[in-house]
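Source: prediction; values computed, not measured. Chain naming here is simple, since letters A, B, ... match the order of the sequence lines and numbering starts at 1 in each. We use all heavy atoms of the structure for the numbers below, so side chains are in, but hydrogens, waters and symmetry mates are not.
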There are 2 protein chains.
Amino acid sequence: MNDKFFKLPLEKQRRIINAAYKVFSENSYKKAPMSEIADESGISKALLFHYFTNKKELYLYLWTNAIEMTRKAVAEYKTLETDDFFEMLKRSLLSKCSLMREYPHLYAFSLRAYYETTPEIQNSIQENFNDVSKASEMIVFEKMDILKFRKDIDIKTMYAEIFYAVDGYMLKKYRSNCIIPDEIEKEIIVLIDFWKKVYTQEV
Amino acid sequence: MNDKFFKLPLEKQRRIINAAYKVFSENSYKKAPMSEIADESGISKALLFHYFTNKKELYLYLWTNAIEMTRKAVAEYKTLETDDFFEMLKRSLLSKCSLMREYPHLYAFSLRAYYETTPEIQNSIQENFNDVSKASEMIVFEKMDILKFRKDIDIKTMYAEIFYAVDGYMLKKYRSNCIIPDEIEKEIIVLIDFWKKVYTQEV
DNA sequence: GCTTGTATTAACTGTTACGGTCAATAGGGA
DNA sequence: TCCCTATTGACCGTAACAGTTAATACAAGC
C-alpha cells in the first residue's frame with residue numbers, strides 16, 4: 001500500500017474508502033470489481049491500483065480500518081462508562097451512527113466481512129470482530145446493573161433479541177438503499193426508548 | 001420453460017430449485033452464475049438450460065413459486081384464524097420453518113429478491129411480496145385482540161421491532177451458513193415466548 | 001442384438017468482465 | 001523552459017459467463 005494515499009486530501013481519501021466499503025458490502029470479495037470501486041470514487045482504476053497494490057491489500061486495509069474506527073468511536077462515546085444497560089446501548093449505537101455519517105457503508109461491510117469465505121481473505125484476517133464484540137459483551141454483562149431489569153425475563157435472550165433487531169433494522173435500511181444518518185439516529189432512539197420501557201422494572 | 005421439468009422426480013426438481021434459490025440468494029441477479037446452479041444441483045449446465053430456457057425465466061419462476069408456496073404454507077398453518085397476535089406470529093413463523101425444511105434458501109431468496117435492482121428483473125415482477133405482507137399486516141392489525149397487550153407500549157413499534165429481530169436472526173443464520181430447521185424452530189419459539197411474556201398485560 | 005427415442009452432457013462459441021500493468025499525458029512549481 | 005508528480009487511457013492475458021450444438025448414454029420395445 002502506497003503512502004501517497006494518506007497525503008491525499010481527507011475528503012478524497014474518504015470518497016475512495018467509502019466507494020470500496022460500498023462495493024465490498026454489496027458483493028462477495030470475489031465478485032466485487034475494482035473497476036466499480038474506481039468508478040464510484042471518481043478516479044481511474046489505474047490510480048486505485050497505484051494506491052493499493054492489489055485487491056486483497058485494499059480489502060485488508062478496509063478491514064483493519066473498520067475495526068480501528070469502530071473501536072475509536074465506541075471509546076469516544078464513553079460507551080462503557082456507565083452501568084445503565086440502555087445508556088450503554090444508546091451510546092454504542094449513536095457512536096455507530098456518527099461513524100455512519102462519514103462512512104455510510106462501513107457497518108454493512110463489517111456485517112458481511114465477518115462471514116467472508118474466500119480463503120485468501122479468511123486466512124489473512126487475524127483480529128476479528130467477533131472477538132471484539134464478545135469481549136465487549138462480557139464487559140457489558142459485568143458492568144450493567146441487573147437490578148434495573150424486570151425480574152421475569154431472561155437477560156441473555158433480551159440481549160440477543162435486541163442485537164438481532166438492530167441488525168434486521170440496518171439490513172432493511174441498506175437493502176432499500178436508504179442510509180440517512182439523521183433518520184436512523186431518530187429511529188434507533190425510538191427503539192431504545194421502547195426497549196427501556198419494556199424491559200425495565202416498574203418502581 | 002420446459003414441461004419436462006415437472007415430470008422429473010420431485011426430489012430432483014427440489015434439488016434444482018434449491019440450488020437456484022441458494023445461488024440467487026447469495027448473489028445479485030447479474031452475478032449469480034447459471035453454471036453454479038447446475039453444479040450445486042448436480043446436473044449439467046446444458047440440462048439446466050434445457051429445462052429453463054434462460055436465466056431470467058428461471059429467476060421469475062423462482063419468484064412466483066416462492067410467493068405461491070409462502071402463501072400456501074401460511075394458509076395451511078391457519079395463521080389468520082386466531083385473534084391472539086402471538087399465536088398468529090407463531091403459526092406464521094412455523095409455517096416458514098416448515099417451508100425451510102424443503103427449501104432452505106427460499107427465505108433468503110425472498111428477502112433479497114424484493115430489493116433486486118436489475119431492470120429486466122425489476123420490471124417483470126408484478127406481484128410483489130410487499131403487497132402481500134402489507135395486506136396480511138393489515139389483516140393482522142384488524143384481527144388481533146388489542147386488549148391483551150400492555151397498555152403502555154406502542155403496538156406499531158412492537159410489530160416493527162419483532163420483524164426486524166426475525167430478519168436479523170435469520171440473517172445471522174444464513175451468513176453463518178447454519179440453516180438447521182429444528183434448531184431454528186426451537187429458537188424461534190423461545191423468542192416468541194419471550195415476546196409474549198414481555199408484551200402481554202399482566203392479569 | 002438392434003432400433004428408436006429420449007435424457008444428458010462435453011465441448012464449443014462469442015462476448016464481456018476482470019485484475020493488473022505501463023507508457024503516455026496533464027498540470028503545477030521553479 | 002525543465003522537472004516532477006498525479007493521473008489516466010489503452011492494453012494484456014485470463015477467466016467467467018449465457019447460451020448452443022452435436023454427440024453420447026441409456027432405456028424400451030422388438
Side-chain angles (χ1 to χ4, degrees), chain A residues 1-17 19-63 116-121 124, chain B residues 1-17 19-63 116-124:
Chain A
M1 128 151 252
N2 193 329
D3 279 346
K4 282 169 193 165
F5 176 73
F6 297 110
K7 289 171 186 148
L8 254 38
L10 283 177
E11 173 59 23
K12 195 168 181 182
Q13 283 184 44
R14 211 188 48 79
R15 235 175 46 228
I16 296 170
I17 295 300
Y21 276 136
K22 181 167 182 209
V23 173
F24 280 120
S25 72
E26 287 167 351
N27 304 93
S28 66
Y29 174 77
K30 241 190 71 190
K31 303 208 174 174
M34 290 292 267
S35 54
E36 205 177 311
I37 297 176
D39 290 351
E40 189 98 26
S41 49
I43 64 173
S44 68
K45 194 176 57 154
L47 189 55
L48 184 60
F49 274 100
H50 178 60
Y51 294 134
F52 300 91
T53 38
N54 56 42
K55 192 174 172 179
K56 186 178 172 184
E57 191 181 275
L58 169 57
Y59 191 91
L60 293 181
Y61 170 73
L62 293 177
W63 172 259
E116 181 58 53
T117 55
T118 314
E120 61 180 306
I121 291 301
S124 305
Chain B
M1 128 152 251
N2 192 331
D3 278 348
K4 283 169 195 166
F5 176 72
F6 296 111
K7 288 170 186 148
L8 254 37
L10 282 178
E11 173 57 26
K12 195 170 181 181
Q13 283 184 43
R14 212 188 48 78
R15 237 173 48 227
I16 296 170
I17 294 300
Y21 277 136
K22 180 168 183 210
V23 174
F24 280 122
S25 72
E26 286 167 354
N27 302 95
S28 65
Y29 174 77
K30 240 189 72 191
K31 304 206 174 176
M34 289 293 268
S35 54
E36 206 178 310
I37 297 176
D39 290 351
E40 189 97 27
S41 48
I43 64 172
S44 69
K45 195 176 55 155
L47 188 54
L48 185 60
F49 274 101
H50 178 61
Y51 294 135
F52 300 91
T53 38
N54 57 40
K55 191 174 171 179
K56 186 178 172 183
E57 190 181 277
L58 169 57
Y59 191 91
L60 294 180
Y61 170 72
L62 293 177
W63 173 258
E116 181 59 52
T117 54
T118 314
E120 61 180 307
I121 292 301
Q122 211 177 27
N123 297 336
S124 304

Counting only side-chain heavy atoms from C-beta out, which of [options] sits nearest to [X]?
| X | options | answer |
| --- | --- | --- |
| B/A46 | C/dT21, C/dT8, D/dT21 | D/dT21 |
| B/F49 | D/dC17, C/dT9, D/dG19 | D/dG19 |
| A/I43 | C/dG19, D/dT21, D/dT8 | D/dT8 |

Spacing between [X] atom [atom1] and [N] atom [atom2], to the nearest angstrom:
| X | N | atom1 | atom2 | result |
| --- | --- | --- | --- | --- |
| B/F5 | C/dA7 | CZ | P | 14 Å |
| A/N27 | C/dC18 | CG | C1' | 13 Å |
| B/H50 | D/dA25 | NE2 | C1' | 15 Å |
| B/M34 | D/dT20 | CE | P | 11 Å |
| A/K56 | C/dG20 | NZ | P | 11 Å |
| B/R15 | C/dT8 | CZ | P | 10 Å |
| B/K30 | C/dA17 | NZ | C1' | 9 Å |
| B/D3 | C/dT6 | CG | P | 15 Å |

Heavy atoms under 4.0 Å, any strand shown: does [X] hit a base, just sugar-phosphate, or nothing?
| X | result |
| --- | --- |
| B/K31 | sugar-phosphate |
| A/K12 | sugar-phosphate |
| B/A38 | nothing |

Subject >> Position toward the 5' end of DNA chain C (nearest nucleotide), B/L47 or A/Y29 >> reply: B/L47
**OP:** Report the relative orientation of the aromatic rings in B/Y29 and B/F24; use parallel for angles under 30°, tilted for 30 to 60°, perpendicular for over 60°.
**Re:** parallel
Subject >> Straight-line distance of B/E116 CD to B/K30 NZ, nearest 0.5 Å >> reply: 10.5 Å
Can a side chain N or O of [X] be found less than 4.0 Å away from OP1 or OP2 on [N]?
| X | N | result |
| --- | --- | --- |
| B/K45 | C/dC12 | no |
| B/K4 | C/dA7 | yes |
| A/Y51 | D/dT7 | yes |

Original post:
Minimum heavy-atom separation for A/I37 to A/I16, with atom names?
Top reply: CG2-O, 4.4 Å
**OP:** Of all the heavy-atom pairs spanning A/F52 and A/M1, show the shortest one and how long it is.
**Re:** CE2-CE, 3.1 Å
Original post:
Toward the 5' end of DNA chain D, which comes first, B/N54 or A/G42, by nearest nucleotide?
Top reply: A/G42
Subject >> Step-by-step side chain to side chain contact (heavy atoms under 4.5 Å, CB included) determination, B/D39 to B/E36 >> reply: CA-CA 5 Å; B/D39 290 351; B/E36 206 178 310; 5.6 Å; no
